[in-house]
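Every heavy atom of this structure was used, including side-chain atoms; hydrogens, water molecules and symmetry mates were not. Nothing fancy with the numbering, it's 1 onward along the sequence. Note that the structure is predicted; figures quoted are calculated from it, not measured.
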Amino acid sequence: MKRLIERSRSVGEVLRWVTQNPSKVSASHYPIALHKLGQLLQQQQQQQGQATVNGESRGPGQMLEQPEFQTLCQAIISGCSKFDNFSIVNCLYAAAALGLPGESPLVRVLEDESRSRLGRFNQKDVSMVFSSEANNKALEAIFSSQLFYENRQERFIRSMAEWLPRKAENLTPYTMALIAKYVARHRLREPRLLDTIANFLLKRGEQLDSKVIQKLVFPFSRMNYRPSNHSELFPKLEAILEQKAGSSPLATVNILMSMFQLSHFPQTVLHQVFSPAFITNVMSSPYALIVRRYLSLLDAAVELEFRDYSGPRLDPRYRVLMFEHALTADEANRKYSYKGLVAEALRQLVGEECYRQDEVLPPGYCTDFLLWINRSGTVLPLSRVPAASKAPSAHTTTSPAAISLRSSVLALTSDLQDFAPVVLSVNDKWHYCQNSDILVGSRAMRDRHLRLLGYCLVQV
């Protein structure tokens, strides 16, 4: 039957083989028939510009009216619950390629059956299904699927990068936020997808609340990527934040952090978030501590990178370390990290008394290894490093809130001609964008700040 369908030379011939021999037609034959119908219609349209050729219908609209095609569709609808995944996926893909309308009974049934099987589809199946559906309902289903969300579907992402820009304006903010969340989770630095999110945000930003905006902005900083429209987008975001800064303080500081990681510093918004009114509002909220951590890091970034800023700063009473220990991702992936091997190598080469591991330095950056080297290149035991030159840490008796970053820089560099603080940084794969040598935004900003604080960074 497969050979007979594939050798057919007209739409009518395909339909006759399938509808007049039901006992010889299996599930795998239906997608072949739909695909062949699409091929024949395309060939006819290329050969002639007429509505019919030798009495044959010329397009899917007219073909839908043929009794034989209705019989074919009904056979698929009746039996699709018993089809294997491959047949379901390929029927849907062939129906989309054929140009059948989304509201047709055949497409609706195939879509429903596909969604019910998402957890059992492999990567190729998923890619084919959702490149053929590609609407809000379908995309929400796929990106809400836990199995899909937890696994990187590179084939599908490459396919989606092709068609998403054309369909983005028809998507809801919720759907686009799900896409952004997935892209960020898997560190997918796909410029076409990121620019599509940025264009969506530029057009719809004023209609969105700050909680949605933070979800759409996060992938840019996560992937250390300035969208192609950043010269328009960033000022637009600043204007929106000026109006909505107080409505959701946590979302506001998240958006600011994303912009800071991309080295963009919105001055007018900083005036608001460092104002007494904003701080008072934050301190009475259930997320006070996390916002204080973000504000403390933003304040440190202003001091280190935005020296022209002359507005209010965070009251020293509220300054805390951004992190007090290694990041959750680093802890969770420790067994996959090379840090253990590096630690063993350092132990054998210089001895445990010559370095600190997992040291947290103001404003709250966890370092892999901290060493001190003198002018001759010798790694010094910590006991020989003058106390005034040692980096203040989260484990000292000094209150983190009382630490001045600028004084830390002076302390570290005052004896620089004799001692140099070195941060040995073990960059594992989760510190980079996927399949790239570009550090994620948070890691890149950490490295910038440590250098500005006077540390010499050595990447491993």
Under the criterion side chain to side chain donor-acceptor pair (under 3.5 Å), I'd like the reasoning laid out for S258 against R222: C-alpha separation, chi angles, the key distance, then a yes or no. CA-CA 8 Å; S258 289; R222 175 69 165 161; over 6 Å; no
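Atom CG of residue N90 and atom OG of residue S28 lie 10.0 Å apart, to the nearest 0.5 angstrom. Atom OG of S221 sits about 11.5 Å away from atom CG of L256, to the nearest 0.5 Å. For the atom pair L241 CG and Q214 CD, the distance stands at 10.5 Å (nearest 0.5 Å). Note that the SG atom of C456 and the CG atom of L450 stand 11.0 Å from one another [nearest 0.5 Å]. Note: S436 OG to Y225 OH = 12.5 Å, rounded to the nearest 0.5 Å. From L452, atom CG reaches atom CD of E303 across 11.0 Å, with rounding to the nearest 0.5 Å.
Between the side chains of E242 and T268, at least one donor N or O sits under 3.5 Å from an acceptor N or O. D195 and N229 share no side-chain donor-acceptor pair at under 3.5 Å. D447 and Q459 share a side-chain donor-acceptor pair at under 3.5 Å. In this structure, a donor-acceptor pair under 3.5 Å is absent between the side chains of T367 and R356. Side-chain contact annotation: S87 with D84, donor-acceptor N/O pair under 3.5 Å present.
Formation of a donor-acceptor pair under 3.5 Å by the R189 side chain with backbone atoms of C433 is not found in this model. Remark: the backbone N or O of L262 is paired with a side-chain donor or acceptor of R226 at under 3.5 angstrom. One N or O on the side chain of N374 and one on the backbone of S376 form a donor-acceptor pair closer than 3.5 Å. In this structure, K236 contributes its side chain and L202 its backbone to a donor-acceptor pair below 3.5 Å. Using modelled atom types, no side-chain atom of S296 and backbone atom of M322 make a donor-acceptor pair closer than 3.5 Å. Between the side chain of R313 and the main chain of V302, no donor-acceptor pair closer than 3.5 Å is present. Proximity of a side-chain donor or acceptor of K244 to a complementary backbone N or O of S210 within less than 3.5 Å is not detected. Not one N or O on the side chain of T378 forms a donor-acceptor pair closer than 3.5 Å with the backbone of L380.
Taking the six-membered ring for Trp and the full ring otherwise, F83 and Y30 have centroids separated by under 6.0 Å. Remark: aromatic rings of Y182 and H186 are close, center separation under 6.0 Å.
Salt-bridge annotation for K211 and D209: absent, with no side-chain N of the basic residue lying under 4.0 Å from a carboxylate O of the acidic one. A salt bridge links E305 with R448; the closest basic N to acidic carboxylate O contact falls under 4.0 Å. Between R319 and D299 there is a salt bridge, since a side-chain N of the basic residue sits under 4.0 Å from a carboxylate O of the acidic one. We find that R347 and E344 are joined by a salt bridge, their nearest charged nitrogen and carboxylate oxygen being less than 4.0 Å apart. Using a 4.0 Å cut-off between charged nitrogen and carboxylate oxygen, R443 and D368 count as a salt-bridge pair. K339 and D358 are joined by a salt bridge, as a carboxylate oxygen and a charged side-chain nitrogen come within less than 4.0 angstrom of each other.
Below 30°, between 30° and 60°, or above 60°: for Y309 and H271 the angle between ring planes is above 60°, a perpendicular geometry. Using the six-membered ring where Trp is involved, Y365 and H449 have ring planes that are tilted, between 30° and 60° apart.
L237 places a side-chain heavy atom less than 4.5 Å from the side chain of L201. The shortest side-chain heavy-atom distance between P381 and W372 does not fall under the 4.5 Å cut-off. No side-chain heavy atom of M259 sits less than 4.5 Å from a side-chain heavy atom of F265. In this structure the side chain of L110 reaches within 4.5 angstrom of the side chain of I76, judged on heavy atoms.
With sequence neighbours excluded, the residues satisfying side-chain contact (heavy atoms from CB on, under 4.5 Å) with Q207 are R204.
The minimum heavy-atom distance between Y287 and P249, with the atom names listed, is OH-CD, 3.4 Å. The two residues A245 and F278 come nearest to each other via the heavy atoms O-CE1, 3.4 Å. Between I88 and C80, the shortest heavy-atom contact is CD1-O, 3.2 Å. In this structure, P363 and L453 approach most closely via the heavy-atom pair CD-CD1, 4.2 Å. Shown here for P362 and L321, the closest heavy-atom pair between the two residues is CA-CD2, 3.9 Å. Minimum heavy-atom separation, A444 to N224: CB-ND2, 3.6 Å.
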